[in-house]
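Notes follow the structure.
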2 protein chains.
Amino acid sequence: MTETPQSSGRAAAPAAGQAKIPRTERGRRTLRLILDAAAEEFGERGYHEGSIARIAQRADVAIGSFYTYFSSKEAVFRALVADMSRQVRDHVVPYILAAPDRLAGERAGLAAYLAFVRTHKALYRIIDESAFVAEDAYRRHYADVAEGYAASLQQAFGRGEISDGDWQVRAWAIMGMNVFLGLKFGVWDDERSVEDIAAAAHALIANGIGPR
Amino acid sequence: MTETPQSSGRAAAPAAGQAKIPRTERGRRTLRLILDAAAEEFGERGYHEGSIARIAQRADVAIGSFYTYFSSKEAVFRALVADMSRQVRDHVVPYILAAPDRLAGERAGLAAYLAFVRTHKALYRIIDESAFVAEDAYRRHYADVAEGYAASLQQAFGRGEISDGDWQVRAWAIMGMNVFLGLKFGVWDDERSVEDIAAAAHALIANGIGPR
DNA sequence: TCCACAGTTGAATAGTGGTTCAGGTTTCAG
DNA sequence: CTGAAACCTGAACCACTATTCAACTGTGGA
């Protein structure tokens, strides 16, 4: 709940034309400070409880500077959602690709996801809250992930690694599974090891729960 | 998005001591009006965009009357979450119990759930938003469902209907699956038939996606 | 060195909407 | 019938905070 997610190293993406792009080094530095401060603020207090004044304070800039880079409270939130959506992806996808096959990748990906969530709880909260602050951004995030998932599964089928089936339903189902396991065992409960959970989920996805 | 969920027939439960219990028939009628109005308002506009004044207007009562029954905006929202949590359960559980075995029940339950969601989109939104307005209520809702799920699965295992496994992980995984399928194919997308989706999900849960 | 533009500042503005309250009306037990 | 409790009313209060803006400062190319 009280995490401190860095808004990554890369120069924070211009985020769909909402932020004014800084022209000097000083400007880039300030924008980064504001984005990180916003991530902390919204992560801890949520969108509606979070305040621009407090974001500015955390970033050690004046309120006016905030409005130099973002046209509104919602704009900075949207920028954050896009940024974090990318972060999760960039972190998890390599684990899936590195695995010997898709099923093993599923397991490794979930483990990586859980570990990432445990160290980036603010991120999780921000993406979820976007459903009520910037619904289009929320839908886009999950639609994108689901699409990638479905494509990846179909390719695995082509390689004979998994059975045939309904790719759309499978993608959304597995995605939902992972999100809820992340919520329960990543955000809320740190007790069990991520490998344990990934193994159990892997067994479920691979073989189902049918008898014998 | 523009649904009109009835707050059920029963005298709306006193909801964790927040609402003052009406002593006369008139009072009970007014409380019901307010609860239904609140469900509509929050369902359409969300918690933060929703206003007490508009709830009172929808219910055809004065603002002051609202505060006769609820001590705050949050209080009425909490009452709503508890009420709706119960509604979903009451609607879906019978379908699961009526099925010949747990696996068939899973399929019937999901179909019933999807159909219910399609006619109660406000309900869905309210429960989800509670994560950011009344986190404890949100956690309780899902913890309760997961617990019931896990117990139900274990019993099915005792009857030889499903394989052995990690009940906690399975419960959260399947729950997440259902929630996301409900979001995608219930709230967002009415195109595909609920039976189709339930069948595909059933296949996934029963046999997994492993090869052959 | 110089200056035009990028960046910074924070008090003031402006709109919002939850909550209160003092007094009126309805209900119903006795 | 009667009065005390229950219920209803809605204007006014008040706290809160996103956003603006006019003046000031730093930066870096020429």
Side-chain angles (χ1 to χ4, degrees), chain A residues 11-12 14 17-42 44-80 129-130 132-134, chain B residues 11-12 14 18-38 40-42 44-80 129-130 132-134:
Chain A
Q18 275 299 359
K20 288 108 187 171
I21 303 115
R23 312 233 166 264
T24 71
E25 182 50 35
R26 178 167 65 143
R28 275 184 288 279
R29 207 183 313 133
T30 303
L31 175 55
R32 175 85 39 77
L33 285 172
I34 292 173
L35 266 176
D36 289 349
E40 279 180 37
E41 175 73 4
F42 289 140
E44 284 175 23
R45 299 172 121 83
Y47 180 75
H48 293 282
E49 298 302 311
S51 90
I52 304 292
R54 221 179 277 113
I55 290 174
Q57 208 171 355
R58 282 184 197 260
D60 260 310
V61 301
I63 292 177
S65 288
F66 173 92
Y67 284 95
T68 300
Y69 298 104
F70 297 99
S71 56
S72 69
K73 187 182 183 181
E74 191 182 318
V76 70
F77 191 80
R78 282 177 180 277
L80 235 35
E129 192 164 17
S130 75
F132 305 97
V133 175
Chain B
Q18 275 300 359
K20 287 107 186 171
I21 303 115
R23 311 232 169 266
T24 72
E25 183 49 36
R26 179 168 62 143
R28 274 184 289 277
R29 207 182 313 133
T30 302
L31 173 55
R32 174 85 39 77
L33 285 172
I34 293 173
L35 267 176
D36 290 348
E40 279 180 38
E41 175 73 3
F42 289 139
E44 283 176 23
R45 298 174 122 81
Y47 180 76
H48 293 280
E49 298 302 312
S51 90
I52 303 291
R54 220 178 280 114
I55 289 173
Q57 209 172 353
R58 282 183 197 260
D60 259 307
V61 300
I63 292 177
S65 289
F66 173 91
Y67 284 94
T68 300
Y69 297 103
F70 297 99
S71 56
S72 69
K73 187 182 185 183
E74 191 182 319
V76 71
F77 190 79
R78 282 176 180 277
L80 234 37
E129 192 163 18
S130 75
F132 305 97
V133 175

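Chain letters run A, B, ... following the sequence lines, proteins first and then strands; every chain starts at 1.
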Rounded to the nearest angstrom, tell me the gap between atom CZ in F77(A) and atom C1' in dA18(D).
-> 16 Å
Any side-chain heavy atom of Y47(A) within less than 4.5 Å of one from K73(A)?
-> yes
Listed partners of Y67(A) passing ring-ring contact (aromatic ring centres under 6.0 Å, His included), at least two apart | none
Just how far is it from atom OG1 of T30(A) to atom CD of E25(A), taken to the nearest 0.5 Å?
-> 9.5 Å
The contact string for nucleotides 4-18 of chain C, one letter per nucleotide 5' to 3', using protein heavy atoms under 4.0 Å with B, S and - for base, sugar-phosphate only and none, comes out as --SSBBB-------S
For the residue pair R54(A) and R45(A), establish whether any side-chain heavy-atom pair is separated by less than 4.5 Å.
-> yes
Classify the angle between the aromatic ring planes of H48(A) and H48(B) as parallel (below 30°), tilted (30 to 60°) or perpendicular (above 60°).
-> parallel
